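To start, the structure itself, in structure tokens.
Numbering of ligands and ligand atoms starts at 1, following listing order. What you are looking at is a predicted structure, and each value in this text was computed from that prediction instead of being measured.
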Amino acid sequence: MITKRMEKALNAQINKEFYSAYLYLSISAYCNKLGMPGCEHWFRIQHDEEIIHMTKMFDYVMQHGGEARLFKIDEPPADFGSVLGAFETSRQHERFITESINELLNVAVEEKDHATQVFLQWFITEQVEEEANVKEIVDRLKMAGDNGGALMMIDDKLSQRPPPAPATTIV
Ligand SMILES: [Fe+2]
Ligand SMILES: [Fe+2]
């Protein structure tokens with residue numbers, strides 16, 4: 001059974017995962033506008049992953065005797081300046097989410113909630129991966145600069161991203 005404080009913190013994170021999905025869906029629309037279908041696809045998959053994160057937390061709260069709550073989702077930006085700007089936005093956002101997950105784990109430790117500490121380990125690992133993936137793309141885009149051929153190659157590579165594994169709640 002999760003405490004009220006833990007429940008509140010997890011519900012706040014559910015909203016942040018929804019916002020992440022919203023932000024990435026908006027970026028995918030922006031990439032569509034730029035005529036970069038690979039980037040559009042990559043962010044669409046990124047959106048799908050965030051929905052999975054949200055679902056995992058939503059289910060976890062209910063499975064552990066809490067009340068899952070849904071709040072208003074903020075409007076994401078629609079213009080990111082450039083494709084590099086779009087990925088830089090994603091990178092900054094993932095850093096913010098990592099901080100947020102770390103803070104959630106601190107709450108679980110303070111609440112002596114061992115099950116939630118185990119549950120959050122998955123998210124900790126996921127954030128390391130997310131940050132590394134997006135950093136790699138940002139680095140490549142910086143190297144490509146204004147080189148149309150190089151940008152097309154990156155876009156083509158990103159079009160090969162496979163769909164995410166379906167949501168499972170382990171704990
Ligand atoms: Fe997430
Ligand atoms: Fe993410």
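Within the 2.8 Å limit, Glu130 places no N, O or S atom next to the Fe ion (ligand 1). In summary, Glu126 places no N/O/S atom under 2.8 Å from the Fe ion (ligand 1), failing the contact criterion.
Screening Lys8, Met6, Glu7 for a side-chain contact (heavy atoms from CB on, under 4.5 Å) involving Lys4 leaves a single residue, Glu7.
The OE1 atom of Glu17, the Fe ion (ligand 1) and the ND1 atom of His53 define an angle of 100° (nearest 10 degrees).
Salt-bridge formation is detected for the pair Glu110/Arg5: a Lys NZ or Arg NE/NH1/NH2 atom is positioned less than 4.0 Å from an Asp or Glu carboxylate oxygen. Using a 4.0 Å cut-off between a side-chain N of Lys or Arg and a carboxylate O of Asp or Glu, Glu94 and Arg91 do not qualify as a salt bridge.
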>> Does Glu136 form a salt bridge (Lys or Arg N to Asp or Glu O under 4.0 Å) with Arg140? I'd like the steps, not just the answer.
In response: CA-CA 6 Å; Glu136 192 188 318; Arg140 282 184 192 196; 2.9 Å; yes
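Of all the N, O or S atoms in Glu50, the one closest to the Fe ion (ligand 2) is OE2. Within Glu94, the N, O or S atom lying nearest to the Fe ion (ligand 2) carries the name OE2.
A donor-acceptor pair under 3.5 Å is formed between the side chain of Asn15 and the backbone N or O of Lys72.
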